[in-house]
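Since the model is a prediction, treat every value here as computed from it, not as a measurement. Each chain gets a letter, A, B and so on, in the order the sequences are listed, and its residues count up from 1.
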2 protein chains.
Amino acid sequence: MNEQLRAISELDRVIHEPGRLMIVALLWPVKECDFLYLLNATEMNKGNLSSHLARLEEAGYVEIEKTYRGKVPRTLLRLTRKGRTAFDQYRKGLKAAF
Amino acid sequence: MNEQLRAISELDRVIHEPGRLMIVALLWPVKECDFLYLLNATEMNKGNLSSHLARLEEAGYVEIEKTYRGKVPRTLLRLTRKGRTAFDQYRKGLKAAF
DNA sequence: AATAGCGGGTTTGTAGTGCAAACTAGTTTG
DNA sequence: CAAACTAGTTTGCACTACAAACCCGCTATT
């Protein structure tokens with residue numbers, strides 16, 4: 001197997017999924033943001049977004065903090081160090097592949 | 001939704017799957033090759049390779065030609081014009097996204 | 001002439017995944 | 001107080017990737 005193919009086959013599947021790729025790409029440049037921001041930015045539906053976030057949390061790539069803004073619930077999302085590294089690696093992999 | 005995200009969300013899922021991405025990347029620069037070449041190059045198992053090829057054929061991205069080399073069956077694979085275009089688009093999408 | 005093994009794949013079974021619809025829990029509005 | 005809204009989560013289903021099992025014709029073996 002050549003380098004290009006190896007790079008492709010080693011792409012992180014958690015990040016590779018476009019829905020999650022959007023989320024991570026959005027979280028990457030900022031300190032944090034909330035659920036509704038992601039919802040609007042990605043144009044996913046809530047169910048979808050919720051489960052992708054759960055998957056990313058399970059992988060240790062995002063932190064989910066549930067807070068209140070007054071009486072209204074508000075979910076804050078942050079990329080963890082691990083998530084940041086994983087995304088950097090993912091992009092390196094893409095570069096190696098193409 | 002910004003340009004980056006749109007590019008991500010519009011990535012062709014048939015090509016996006018790493019197994020198929022390897023296949024298409026291999027077929028792209030050559031006129032044709034056979035099943036066993038892909039099998040070795042990708043290090044997939046036969047079943048997997050077979051079904052990814054079927055999916056690509058169904059999408060109209062590859063042509064599958066069954067021939068004989070003497071008495072031994074030999075399956076030849078080629079990227080169609082449509083497949084070539086789809087891969088070019090896919091790479092354009094990646095560039096736009098990262 | 002059975003049979004065992006191999007080359008070249010395809011089919012089958014299953015676990016996992018993405019998706020939207022339905023649901024939950026609480027809040028605000030009429 | 002009922003209806004509607006906010007902010008998500010859970011459920012159910014359809015699809016998919018994957019590997020194990022299978023298939024089938026050929027060749028070598030006993």
Practice item. Could you check how far NZ of A:K66 sits from C1' of C:dG26, rounded to whole Å? Key: 14 Å
Review point. Between D:dA20 atom P and B:L49 atom CG, what is the distance in whole Å?
Key: 16 Å
Check your understanding: So, is B:S50 close to the C:dT10 phosphate, meaning a side-chain N or O under 4.0 Å from OP1 or OP2?
Key -> yes
Review point. Taking the six-membered ring for Trp, are B:F98 and A:F87 parallel (under 30°), tilted (30 to 60°) or perpendicular (over 60°)?
Key: tilted
Review point. A:K46 has a side chain; which of C:dT27, C:dT10, D:dA7 sits nearest to it?
Key: D:dA7
Check your understanding: Would B:Y90 and B:L21 count as a side-chain contact (heavy atoms from CB on, under 4.5 Å) if you check the C-alpha gap in whole Å, the side-chain angles of each, and the deciding distance to 0.1 Å?
Key -> CA-CA 10 Å; B:Y90 180 81; B:L21 196 46; 3.7 Å; yes
Check your understanding: Does B:T80 use its side chain to pair, donor to acceptor, with the backbone of B:Y61 at less than 3.5 Å?
Key -> yes
**Study point:** Distance, rounded to the nearest Å, where B:L53 contributes CG and C:dT10 contributes P
**Key:** 8 Å
Check your understanding: Atom CD1 of B:I23 to atom C1' of C:dG9: distance rounded to whole Å?
Key -> 14 Å
**Study point:** Note: B:E17-A:R13 ion pair, threshold 4.0 Å (strictly below)
**Key:** yes
Point to revise | Interatomic distance where CG belongs to B:L76 and P belongs to C:dG8 [whole Å] | key: 12 Å
**Study point:** A:Q4 (side chain) donor-acceptor with A:A97 (main chain) under 3.5 angstrom
**Key:** yes
Review point. Which part of the nucleic acid, if any, lies within contact of A:L36, taking any heavy atom under 4.0 Å across all strands shown: a base, the sugar-phosphate backbone alone, or nothing?
Key: sugar-phosphate
Check your understanding: Roughly, in whole Å, what's the span from OH in A:Y68 to P in C:dT27?
Key -> 7 Å
Check your understanding: So, B:T42 side chain and B:L38 main chain: donor-acceptor pair closer than 3.5 Å or not?
Key -> yes
Atom pairs, protein N/O to nucleotides 15-18 of chain D N/O, distance under 3.5 Å:
| from | atom 1 | to | atom 2 | distance (Å) |
| --- | --- | --- | --- | --- |
| D:dT16 | OP1 | B:R55 | NH2 | 3.1 |
| D:dA17 | OP1 | B:R20 | NH1 | 2.9 |
| D:dA17 | OP1 | B:R20 | NH2 | 2.5 |
| D:dA17 | OP2 | B:R20 | NH1 | 3.1 |
| D:dC18 | OP1 | A:R13 | NH2 | 3.4 |
| D:dC18 | OP2 | B:N48 | OD1 | 3.3 |
| D:dC18 | OP2 | B:H52 | NE2 | 3.0 |

Review point. In whole angstrom, what separates A:R69's CZ from C:dT27's P?
Key: 14 Å
Check your understanding: Given atom CZ of B:F35 and atom P of D:dC24, what is their separation to the nearest angstrom?
Key -> 17 Å
Review point. Tell me, do A:L27 and A:I23 make a side-chain contact under 4.5 Å, heavy atoms counted?
Key: yes
